[in-house]
Structures are given as structure tokens and as C-alpha cells.
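Just so we're clear, the structure is a prediction, and the values are computed from it rather than from any experiment. Quick note: residue numbers are just sequence positions, from 1.
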Amino acid sequence: MTSSPVAAGAVLSLGRIYCDLVFRGLDTMPQLGREVFAGEFELTPGGGALITAAHLAGLGRPSALLARFGTDDLSLSLEATIKALGLDLQFLDRNAAAGPQLTVVMVQDGDRAFLSKRAGQARPQTLEAALAWRKAAHLHIAEYATLHEASDAIILAKQHNLTVSLDPSWDDQLIRDPDFFALSSGADIFLPNMEEAEALTGQSDPQVALVELARYFPCVALKCGAGGALLAVDGQVLRLPSPKVEVVDTTGAGDAFNAGFLHAWLSGADPQACLAAAIDAGSRSVQASGGVGSLRTEA
């Protein structure tokens, strides 16, 4: 028995690559005019596109990173780490204007705060070539901000018969964009967390927000952190809890969740199995530092 093209196909993961400066072991968060010291520090590649692609590769799914990548010293210092994640890097758009992109991650009591700087525009020059790649079966858009800049990405993907997923990823300026649902039209899978779902729908109850989002997307997987996750698909709503695990760092857990869900969905698993796989991937992620730390631990 051979796999179908979709079941065996590669995922293109579209978004920005960040250099994550992760500070852990904080007794308190920084305040203006004061200095705090971290117990631990790690420099690691980040960004939703990279983290989801890395976890997909860790699950055995061929994954190509579709992104711009800086040629500055800091960006290049992460190249060996990125290569070690097992990703297909043929569609990296290397450009001096693409870096460095930085995110300072401050972790306290398992939760985190971010301070980020973007560099240049998000649309890679390799977008059309990647979508035409014969091995590609699915396009994952890791943040609405990238879709906002590459507004034809879903349309182009559909022209190549690819399925599409979208994680909105919190952006203060864009999460309430009046064109959000119009630009996102055509996405097969929507993967928000509860904060994003509430901003988009005005609903604080997860199930009510889920039903509202299901008006726009055929499949919605809603991440509720320690509260588990909900799924709306084919007129049904499912809910599964998260297991109790030791939380080290929640950075990238939602992106790992995305990978677990997409790998199962593309493999033809039923909705409950897809949601369970997503929660399992996210739960493993929070037990290590950084978005790809659990992959290095498993290796």
C-alpha cells in the first residue's frame, strides 16, 4: 500500500525567522529604571514558521522553510542549528535586509513575554517557486502579519492545489484588522489561541468563540493552553484536555501544536486523533527551553 500524495507530501512553512534570545530564571519581569538578572540564557532560532517546520520534520513530515533569511553575523550564527533540524532549506531567500530579526524572550514561572524587531518585508522571492514545487502538498502560514504582506499567498496556493493552514499569531496592530477574514478566506485550517480568538470574535467563552470562527473556516483548532484545546470541523465540536506536565517554557508550544495537528490531518487521521496529536506535540514542547528545545532533548 502506498501513501497518497497528500499523506506523503511536504509542508511549506511560510513566515519570518527570528533570533530568539531566551532569558530564564527571572524572579520578576523588568521595569523601567531597574535591572533584573536571569539565571539562564540561550540563543536559538525562532519564529512560528521555523518552529512548526522543525516539529513537523521531527514527526517525519518533509518540511520546507519558506522565508527570508538575513546575511548578518547573528543570523548566520544560527545557520548550523537550523540545518540540524532536518528542514529543506532550498526556498530560503537570503537577503541582507532580512536580518537580524530579534526576539527577546523573558520566561518567568513557565509563562513568557516577548520583545521583537522585524527586519525588512516578509514576502520571500521564492514564494511562487515553492508553491509550484512538485513535492509540496500544504502551505502553512505561521502569522497573519506575513499573509498581510503576501496577500495572494492563499490564492496562489490554491492554484497549485495545495491545502492551507493559518496561525494568526498575536500582533497588536493586525489582530483586529477589518480585512482579516477577507484576506484569510480559503484557508482550510485555522489555528488560533484563545487570546487571538477573543480579539477576533469579541467572545471570551472558548466554545462560543470557536463556533463564531467556524463560520469562516472549515476546520478550527482552538488552543487553550493548560485547558487543552477545542476543534470545530464538519459541524461537530470536540474538546480534549492537556496532560499535566512540568512546564519549563511555553515559547513555541502553539507552533508545536500546529505541527502535531497538521501531520495527523495530512496523514488522514480522524478529528479526535488530530487534536490529540496536536496536544501531545504542544505538551512535549513546554517541557524544554525555546521553541525547538524539546527536539534537541529528544535527539
Side-chain angles (χ1 to χ4, degrees), residues 11 13-25 38 40-59 61 63-67 69 74-75 77-87 89 92 99-108 110-118 140-143 145-146 165 167-171 191-193 195-196 223 225-226 229 242 245-263 277-299:
V11 173
S13 196
L14 173 65
R16 293 176 180 267
I17 301 172
Y18 289 87
C19 304
D20 283 1
L21 290 76
V22 184
F23 293 84
R24 294 181 54 233
E40 300 174 38
F41 170 79
E42 181 180 11
L43 175 65
T44 181
L50 180 140
I51 295 171
T52 293
H55 282 271
L56 280 165
L59 291 167
R61 169 74 52 181
S63 302
L65 192 53
L66 180 52
F69 188 63
L74 186 56
S75 297
S77 72
L78 296 175
E79 192 160 16
T81 303
I82 294 173
K83 287 180 178 178
L85 294 171
L87 304 177
L89 303 178
L92 274 189
Q101 290 191 133
L102 305 173
T103 294
V104 176
V105 185
M106 294 164 282
V107 182
Q108 181 190 13
D111 207 348
R112 71 276 190 259
F114 302 101
L115 174 63
S116 298
K117 178 191 178 297
R118 290 174 176 146
H140 175 62
I141 305 172
E143 55 182 7
T146 294
S165 55
D167 183 325
S169 190
W170 184 268
D171 184 299
L191 298 153
N193 63 28
E195 184 179 18
E196 294 152 355
K223 295 167 269 193
S242 292
V245 298
E246 181 182 356
V247 176
V248 174
D249 181 5
T250 58
T251 302
D255 302 307
F257 175 104
N258 296 345
F261 189 93
L262 292 175
H263 179 58
I279 291 173
D280 179 66
S283 298
R284 283 186 281 110
S285 176
V286 302
Q287 297 178 69
S289 178
V292 297
S294 64
L295 297 173
R296 293 196 292 270
T297 300
E298 291 166 5

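If you check the side chains of Arg16 and Gln101, you find a donor sitting under 3.5 Å from an acceptor. The closest side-chain donor-acceptor pair between Ser165 and His140 falls under 3.5 angstrom.
Contacts of Glu79 classified as salt bridge (Lys or Arg N to Asp or Glu O under 4.0 Å), with partners at least two apart in sequence or in another chain: Arg94. Residues satisfying the salt bridge (Lys or Arg N to Asp or Glu O under 4.0 Å) test with Asp167, not counting sequence neighbours, are Lys223. Every side-chain contact (heavy atoms from CB on, under 4.5 Å) that Ile51 has, sequence neighbours left out, goes to His55, Asp255, Val292.
At least one side-chain heavy atom of Thr44 sits less than 4.5 Å from a side-chain heavy atom of Val22. Residues Phe41 and Leu21 have side chains in contact (heavy-atom distance under 4.5 Å, counting atoms from C-beta outward). You'll find the side chain of Phe114 stays beyond 4.5 Å of the side chain of Val104, heavy atoms only. Here the side chains of Cys19 and Ser75 are in contact, with some heavy-atom distance below 4.5 Å. Considering only heavy atoms from C-beta on, Leu43 comes within 4.5 Å of Ser77 through its side chain.
Not a single donor-acceptor pair under 3.5 Å links the side chain of Thr251 to the backbone N or O of Val105. Between the side chain of Glu196 and the backbone N or O of Pro168, no donor-acceptor pair lies under 3.5 Å.
Here the closest non-hydrogen pair linking Ser63 and Ala57 is OG-N, 3.6 Å. Closest of all the heavy-atom pairs between Ala142 and Gly48 is CB-C, 3.5 Å. A pairwise comparison of heavy atoms in Leu74 and Pro100 identifies CD2-CB, 4.2 Å as the closest pair. When all heavy atoms are compared, the tightest approach of Ser285 to Ser294 is CA-OG, 3.7 Å. Pairing each heavy atom of Gly47 with each of Tyr18, the nearest pair is CA-CD1, 3.8 Å. Nearest heavy-atom pair, Thr52 versus Ser13, reported as atom, atom and distance to 0.1 Å: CB-OG, 4.3 Å.
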Salt bridge (Lys or Arg N to Asp or Glu O under 4.0 Å) between Arg112 and Asp20: does it pass, once the steps are laid out?
-> CA-CA 12 Å; Arg112 71 276 190 259; Asp20 283 1; over 6 Å; no
